[in-house]
There are 2 protein chains.
Amino acid sequence: MTTRPFHHGNLRAVLLEQGEVMLRETGVDGISLRELARQAGVSHGAPRSHFVDKQSLLDALAERGFDRLTHRVTAVAAQGATFTDRFRAVGHAYVDFAVGDAALMELMFAAKIDDPPEPVQQAAGRLFQTFDELLEGDAGVDAAAEEARWRFKLMFASTMQGTATLIAARRITPAQGQTVVDDAVDMMLASALGREVLQRG
Amino acid sequence: MTTRPFHHGNLRAVLLEQGEVMLRETGVDGISLRELARQAGVSHGAPRSHFVDKQSLLDALAERGFDRLTHRVTAVAAQGATFTDRFRAVGHAYVDFAVGDAALMELMFAAKIDDPPEPVQQAAGRLFQTFDELLEGDAGVDAAAEEARWRFKLMFASTMQGTATLIAARRITPAQGQTVVDDAVDMMLASALGREVLQRG
DNA sequence: ACCTGAACACCGTTCAAGT
DNA sequence: ACCTGAACACCGTTCAAGT
């Protein structure tokens with residue numbers, strides 16, 4: 001009780017918290033389970049009780065990343081007065097997140113040989129769900145509108161994702177990235193597909 | 001001369017060749033310098049003569065990846081009859097490459113804390129250069145057109161990059177990705193920015 | 001110039017043992 | 001249920017030595 005007042009049931013939380021910090025400071029390659037255990041003041045075998053292996057910890061970090069990003073996107077979308085405002089704000093929030101947490105972003109969208117584990121996939125699903133809600137009109141949906149909305153959403157997501165990747169990889173600057181997002185939003189809203197999606201009521 | 005007929009001066013090439021295979025089969029995390037040396041039939045210290053460390057090998061692989069992608073994009077662009085054809089073909093070639101060599105693509109566009117090494121950066125520059133050439137008209141360029149072209153190119157690159165990332169991360173299917181590219185090309189060509197960039201002669 | 005092989009420090013993972 | 005600590009196999013890197 002006095003010898004270990006700290007790690008009574010919250011080692012898991014500490015590992016995740018420090019894992020995020022380590023990710024930011026050293027990148028994915030710099031993450032070490034043993035170093036994390038050292039920082040937490042436990043033996044190197046201790047993390048095993050909460051994460052079966054290293055990948056399991058990385059998956060948990062990715063899952064948290066998706067939830068955090070979803071939260072931010074939702075918050076930002078709620079503030080926008082007009083549809084255009086919300087659209088643009090979400091794009092910028094997405095890119096900002098990717099710039100501030102590049103290594104985490106990379107972990108979230110890492111190339112996988114087989115499907116990501118269920119919890120991660122569901123967390124990613126919740127993010128894309130907020131994009132859907134951004135686009136949802138009040139009118140009942142017919143099949144054609146559904147299809148257009150789906151394609152519109154995908155293009156928006158691709159543009160944001162690509163901008164984020166190019167910034168993180170240092171192929172373009174953050175300022176250039178924001179320009180891309182603005183241009184893309186303008187273009188999409190003015191396009192035929194955009195007008196089809198946005199006619200409502 | 002008889003004891004080592006094979007690795008006389010081409011160990012470097014063998015390591016790069018096998019490195020690409022290993023990348024495709026096991027992903028970046030699966031790449032091991034010692035395993036590569038084993039496959040090449042040399043001691044684990046041998047690679048040191050050609051690559052100072054593991055990162056140096058990865059950089060060389062990324063550089064080769066950029067050059068290979070550039071080559072493909074150039075070839076595909078040369079075949080297109082109309083501007084629209086070329087544009088669309090380049091987009092598809094880019095995404096195809098990313099699907100076929102997801103781990104390599106990830107290596108090429110990995111999040112970096114500091115700038116990538118010069119040779120890699122130059123190889124990436126050559127790729128983006130081919131995008132420029134795709135968009136270049138015959139008329140002399142004024143500043144406004146230059147700016148519009150720059151933004152147009154960046155948006156195109158971002159969309160392709162994002163589509164590629166989302167496919168590799170298994171968030172969307174390859175078929176969905178191709179739809180995104182087609183939609184984006186149509187939208188960009190029909191947009192105000194696109195018309196500004198494309199008025200030529 | 002290129003490669004060998006021992007040495008070193010560091011990993012992730014496993015598992016019996018403790019509390 | 002959670003953590004310890006030894007053990008194992010595997011790394012990347014360094015470096016004196018060989019050819």
Side-chain angles (χ1 to χ4, degrees), chain A residues 1-23 25-62 103 107 110 112-114 116-117 120, chain B residues 1-23 25-62 103 107 110 112-114 116-117 120:
Chain A
M1 182 172 168
T2 53
T3 54
R4 48 173 110 121
F6 187 57
H7 298 127
H8 176 64
N10 67 346
L11 175 58
R12 186 194 152 90
V14 171
L15 290 173
L16 287 171
E17 214 69 46
Q18 279 301 312
E20 276 186 16
V21 174
M22 206 179 222
L23 201 55
E25 290 175 351
T26 68
V28 202
D29 295 345
I31 285 214
S32 155
L33 235 39
R34 288 177 104 110
E35 176 62 26
L36 238 27
R38 239 173 266 132
Q39 288 181 9
V42 295
S43 77
H44 67 260
R48 189 70 204 286
S49 299
H50 301 96
F51 303 99
V52 284
D53 57 15
K54 188 180 179 180
Q55 188 55 50
S56 168
L57 200 230
L58 296 180
D59 287 338
L61 287 175
L107 196 63
K112 293 283 177 186
I113 297 180
D114 29 52
V120 180
Chain B
M1 180 171 172
T2 52
T3 53
R4 46 176 112 121
F6 186 57
H7 297 126
H8 177 64
N10 67 346
L11 176 57
R12 185 192 151 90
V14 171
L15 291 173
L16 287 172
E17 215 67 48
Q18 278 302 312
E20 276 187 15
V21 174
M22 205 178 221
L23 200 55
E25 290 176 349
T26 68
V28 203
D29 294 344
I31 284 214
S32 154
L33 236 39
R34 288 178 104 110
E35 176 61 25
L36 239 27
R38 237 171 268 132
Q39 289 180 9
V42 295
S43 78
H44 67 261
R48 188 70 202 287
S49 300
H50 302 96
F51 303 100
V52 284
D53 57 14
K54 188 180 179 180
Q55 187 56 49
S56 167
L57 201 228
L58 296 181
D59 288 338
L61 287 175
L107 197 62
K112 292 282 176 189
I113 296 180
D114 28 53
V120 181

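All values below were derived from every heavy atom in this structure, side-chain atoms included, with hydrogens, water molecules and symmetry-related copies excluded. Chain letters run A, B, ... following the sequence lines, proteins first and then strands; every chain starts at 1.
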Those residues that, when tested against B:Ala110, pass side-chain contact (heavy atoms from CB on, under 4.5 Å) (two or more places apart):
A:Glu106
Separation of A:Ser43 OG from A:Arg48 CZ (nearest 0.5 Å):
12.5 Å
Closest approach of B:Ala37 and B:His44, non-hydrogen atoms and distance?
CB-CA, 4.0 Å
Could you check how far NE2 of A:His50 sits from P of D:dC3, rounded to whole Å?
5 Å
Taking Watson-Crick and G-U wobble pairs with both distances under 3.5 Å, convert DNA chain D into its dot-bracket string, 5' to 3', dots for unpaired and | for cross-strand pairs.
||.|||||...|||||.||
Near DNA chain D, under 4.0 Å by heavy atom, which residues of residues 53-60 of chain B?
B:Asp53, B:Lys54
Rounded to whole Å, how long is the line connecting atom CG of A:Leu36 with atom P of C:dC11?
11 Å
So, using side-chain contact (heavy atoms from CB on, under 4.5 Å) as the criterion, who are the partners of B:Ser56 when residues are at least two apart?
B:Phe51, B:Val52, B:Asp53
Which of C:dC3, D:dG12, C:dC11 is nearest the side chain of A:Ser32? It is C:dC11
How close do B:Leu107 and B:Leu58 get, heavy atom to heavy atom, and via which atoms?
CD2-O, 3.5 Å
Pairing residues for A:Gln55 by the side-chain hydrogen bond (donor to acceptor under 3.5 Å, both in side chains) criterion, not counting sequence neighbours
A:Asp59
Identify every side-chain donor-acceptor pair in residues 13-20 of chain B under 3.5 Å, counting partners at least two apart or on other chains, and give the distances.
unit_1  : atom_1 : unit_2  : atom_2 : d
B:Glu20 : OE2    : B:Arg64 : NE     : 3.2
B:Glu20 : OE2    : B:Arg64 : NH2    : 3.3

Closest approach to the side chain of A:Ser43, judged atom by atom: which nucleotide of D:dC2, D:dT4, C:dG5 is it?
D:dT4
Quickly work out the B:Leu15 CG to C:dC2 C1' distance and round it to whole Å.
13 Å
For residues 27-37 of chain B, which residue pairs pass the salt bridge (Lys or Arg N to Asp or Glu O under 4.0 Å) check, not counting sequence neighbours?
B:Glu35-B:Arg38
Side chain to side chain contact (heavy atoms under 4.5 Å, CB included) for A:Thr26 and B:Ile113? Distances and angles first, verdict last.
CA-CA 8 Å; A:Thr26 68; B:Ile113 296 180; 6.0 Å; no
Of B:Leu33 and A:Ser49, the one whose closest nucleotide on DNA chain D sits nearer the 5' end is A:Ser49
Check every strand shown and say whether A:Arg38 touches a base, only sugar-phosphate, or nothing at a heavy-atom separation below 4.0 Å.
sugar-phosphate
For B:Leu23 and B:Ala103, work out which heavy atoms get closest and say how close.
O-CB, 3.4 Å
What's touching nucleotides 6-9 of chain D from the protein side, N or O pairs under 3.5 Å?
unit_1 : atom_1 : unit_2  : atom_2 : d
D:dA6  : N6     : A:His44 : NE2    : 2.8

Taking atom CZ of B:Arg12 and atom OG of B:Ser49, what is their separation to the nearest 0.5 Å?
12.0 Å
Side-chain N or O of A:Arg48 versus OP1/OP2 of D:dC3: is the shortest distance under 4.0 Å?
no
To the nearest angstrom, how far is B:Leu11 atom CG from C:dT4 atom C1'?
13 Å
